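A short worksheet on the structure shown next.
Below, read A as the first sequence line, B as the second, and so on, with proteins coming before strands; counting in each chain starts at 1. Since we're looking at a predicted model, the values are computed, not measured.
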Amino acid sequence: MAEKITTRNADYSQWYIDLVRSAKLADYSDVRGCMVIRPNGYAIWEKMQTALDRMFKETGHVNAYFPLFIPESFIAKEAEHIEGFAPECAVVTHGGGEELAEKLYVRPTSETIIWSSYKKWIQSYRDLPILINQWANVVRWEMRTRLFLRTTEFLWQEGHTAHATPEESQEEVVRMINVYKTFAENYMAMPVIIGKKTDSEKFAGAVDTWCIEAMMQDTKALQAGTSHNLGQNFAKAFDCQFQTKDGKLDYVWATSWGVSTRLIGALIMAHSDDRGLVLPPKLATRQVVIIPILKGDKAAVCEKAHAISRTLSDNGIPSFVDDSEQNSPGWKFAEYELQGIPLRIELGPRDIQNGTCIVARRDTLEKTELALDDTLSVTISEILNAIQQNLFDRALEFRNEHTFEVTSYSEFREMVEKGFVIAHWDGTAETEAKIKEETKATIRVLPEEPDYIMRYAMHEAGTCIYSGKPAQQKAVFAKAY
RNA sequence: CGGGGCGUGGCGCAGUUGGUAGCGUGCCUGCUUUGGGAGCAGGAGGUCCCGAGUUCGAGUCUCGGUGCCCCGACCA
């Protein structure tokens, strides 16, 4: 019978796991904490890669590849970096049957191995900037894992850039976080807030960490991408200096930025429902499924279904026909809803007689009757655009409805259970830590968005919600993944 | 690393006071079906996580091990 998934209301966490597994996105592997990304899941990642890679190229970046193994001494060169990452690294001690003279870390991120190369490549300001990205896997030995959201090994891209001036590197950091925002909103249909992390939440070794923060359907926050201003920290650690135009020596200015397969988890939790995955059309390898109702003149129905599919594909709408007789139409409806195919066309003898077909939207589950004429492709294309837009609108409305400004700590404690809370913060790590300890909510982001997007005056001075001390700005607090 | 749970056909589970393993689903064959997870008939499929012990006899009891999942601390 049916593959039932837990409802979101019953158990959000179990719903997520059920969905990932029954939509065949990923599976547990025989290695603890590691997952198998199945074809349905990998197809989403490939769509993400294609779109992001194009955006990276358009902003002047090129791809390269650096080693998986990093000598222990490299990791150790930047003090904060090793402190942050050493505890969660896998370390290779043996190779070729012998103990290694120097241990090799399986990369948790590649700043150090890349900067050891950059040092060799950079002598003069003429060698700058370097704008390299790499698509790779990384390993972080997590204590507790969740499919896509946090696994021991995951796939990502990491951009690593080198610049002659702090202004240039700052510009790069902001440019790339905006690329991520554009991707999240235009492709994933997931609204995000750009801003900075507090010192306690930033990347180990960074001067500043910028992020995009999204809200999931359970109102928890999820960090979907980061862009780090590394200042001269790594250049100094690797003694990477260059000669400036006026003949002086200076350390190189750096950035790094990345998004990972975690985005797939974000996508799921942003849009999907109790029937399964809901995919924005722009990330769907297959946008339309055509299900012929095989009765009466089966051959004629089948032939028409394939003809429609060809027409759609010719018009740039990837579609396919499921004309197998193994499963009933009802089974197919449920199965492709589970898999998140954005649009379904039902076609039976009755429709063919009437010159119509039934079109069902995955996002709203609405069914409408469309004429089978040469306007079909255009209409379908319009509906797909409408789905893309509706998913974004719906998610943004949800976030707005679950974002609250508060002026007292008691109010804070109440509202932080219901979504994002905007409140004045005195800027100290002590206050941040206390609030986390008492409420489990953290500062997700210090927004760098215009107030009309935030819908609140973020930069007006006031009084800290917790300490009562003067506060220069407001922060977004939430419980997070 | 602490707390909890679970290891039994592919998947989900049941298995009583210990007596030689069953149900649902899936799979295979055939026929009938097909507009929201079809019906009937027949069939294949199991080192009951591993090891030791108790016993005439262990899926079941005892001890030890091991794996995974969930919750928390840590993290993208």
Salt bridge check: are A:Asp273 and A:Arg362 linked by an N-O gap of less than 4.0 Å?
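A:Arg362 and A:Asp273: salt-bridged.
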Side-chain donor or acceptor of A:Lys367 under 3.5 Å from a matching atom on the base of B:G36?
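By the distance-only test, yes, there is a pair.
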Less than 3.5 Å between a donor and an acceptor, one on the side chain of A:Asp351 and one on the base of B:G35, is that the case here?
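Looking at the base of B:G35, it does pair with a donor or acceptor on the side chain of A:Asp351 (distance under 3.5 Å).
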Just say parallel, tilted or perpendicular for the rings of A:Tyr187 and A:Phe183, cut-offs at 30° and 60°.
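Parallel: the ring planes of A:Tyr187 and A:Phe183 meet at under 30°.
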Please state how far atom [atom1] in [X] lies from atom [atom2] in [N], giving the value in whole angstrom units.
X	N	atom1	atom2	value
A:Leu338	B:G36	CG	P	18 Å
A:Arg38	B:C11	CZ	C1'	12 Å
A:Trp15	B:C69	CH2	C1'	19 Å
A:Asp323	B:G35	CG	P	16 Å
A:Phe333	B:A38	CZ	C1'	13 Å
A:Glu346	B:U34	CD	P	16 Å
A:Glu369	B:G35	CD	C1'	12 Å
A:Leu149	B:A76	CG	P	13 Å

Near RNA chain B, under 4.0 Å by heavy atom, which residues of residues 287-304 of chain A?
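Contacting residues: A:Ile293, A:Leu294, A:Lys295, A:Lys298.
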Identify, residue by residue, the members of residues 173-186 of chain A with a heavy atom below 4.0 Å from RNA chain B, and return them in order of residue number, or none.
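Contacts with RNA chain B under 4.0 Å: none.
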Take atom CG in A:Asn9; do more than 12 heavy atoms of anything else shown fall under 6.0 Å from it?
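No, CG of A:Asn9 has 12 or fewer neighbouring heavy atoms, counting only those of other groups under 6.0 Å.
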Gap in Å between the two [atom1] atoms, one belonging to [N] and one to [M], rounded:
N	M	atom1	result
B:A76	B:A38	P	45 Å
B:C11	B:G46	C1'	14 Å
B:A44	B:G24	P	16 Å
B:G9	B:A21	C1'	11 Å
B:C61	B:U25	P	29 Å
B:G45	B:C70	C1'	31 Å
B:C23	B:A14	P	16 Å
B:G64	B:G12	P	28 Å

Set out, in order, the CA-CA distance, both residues' side-chain angles and the distance that settles ring pair (Phe, Tyr, Trp, His ring centres under 6.0 Å) for A:His81 and A:Trp115, then state yes or no.
CA-CA 13 Å; A:His81 193 67; A:Trp115 277 87; over 10 Å; no
Under 4.0 Å between a side-chain N or O of A:Tyr28 and OP1 or OP2 of B:C70?
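Answer yes for this pair, as a side-chain N or O of A:Tyr28 is under 4.0 Å from OP1 or OP2.
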Does A:Ser328 have a side-chain nitrogen or oxygen under 4.0 Å from the phosphate oxygens OP1 or OP2 of B:A38?
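For B:A38, OP1 or OP2 has a side-chain N or O of A:Ser328 closer than 4.0 Å.
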Supply the atom-to-atom distance [X] [atom1] to [Y] [atom2], rounded to the nearest 0.5 angstrom.
X	Y	atom1	atom2	value
A:His306	A:Leu347	NE2	CG	11.5 Å
A:Ile82	A:Ile75	CD1	CD1	7.0 Å
A:Glu158	A:Ser110	CD	OG	3.5 Å
A:Trp45	A:Thr50	CH2	OG1	10.5 Å
A:Arg275	A:Glu337	CZ	CD	5.0 Å
A:Ser319	A:Ile290	OG	CD1	4.5 Å

Report which part of the nucleic acid [X] touches: base, sugar-phosphate, or nothing (heavy-atom distance under 4.0 Å, all strands).
X	answer
A:Ile358	base
A:Gln14	nothing
A:Pro108	nothing
A:Ser324	nothing
A:Arg275	base
A:Ser13	sugar-phosphate
A:Gln223	sugar-phosphate

Counting the benzene-type ring for Trp, do A:Phe85 and A:Phe203 have ring centres under 6.0 Å apart?
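Yes, the ring centres sit under 6.0 Å apart.
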Check: A:Phe412 ring centre within less than 6.0 Å of A:Phe477 ring centre
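Ring centroids of A:Phe412 and A:Phe477 are less than 6.0 Å from each other.
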If you pin A:Tyr481 and A:Glu337 to their nearest nucleotides in RNA chain B, which one's is more 5'?
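Nearest-nucleotide comparison on RNA chain B picks A:Glu337.
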Closest-nucleotide mapping onto RNA chain B: is A:Ser29 or A:Arg350 further toward the 5' terminus? I mean the 5' end.
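The answer here is A:Arg350.
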Dot-bracket encoding of pairs in RNA chain B, which uses [ ] for pseudoknotted crossings and | for another strand, Watson-Crick or G-U under 3.5 angstrom
(((((((..((((.....[..)))).((((((.....)))))).....(((((..]....))))))))))))....
Under 3.5 Å, is there a donor-acceptor pair between the side chain of A:Arg140 and the main chain of A:Thr151?
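Judged by distance alone, no pair lies under 3.5 Å.
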Less than 6.0 angstrom from the centroid, inside 45 degrees of the normal: does A:Arg262 satisfy that with respect to the ring of A:Phe148?
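Judged by the rule (NZ or CZ under 6.0 Å from the ring centre, within 45° of its axis), A:Arg262 is not positioned above A:Phe148.
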Any idea which of [options] is nearest the [X] side chain?
X	options	answer
A:Glu142	B:A76, B:U34, B:G35	B:A76
A:Trp331	B:G36, B:A76, B:G37	B:G37
A:Ser260	B:G36, B:C70, B:A76	B:A76
A:Pro329	B:G37, B:G35, B:A73	B:G35
A:Thr151	B:G36, B:A76, B:C74	B:A76
A:Lys436	B:G37, B:C74, B:A73	B:C74

With respect to A:Ile387, which candidate in A:Asp363, A:Leu279, A:Thr364 satisfies the side chain to side chain contact (heavy atoms under 4.5 Å, CB included) definition?
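By the side chain to side chain contact (heavy atoms under 4.5 Å, CB included) criterion, A:Ile387 pairs with just one of A:Asp363, A:Leu279, A:Thr364: A:Asp363.
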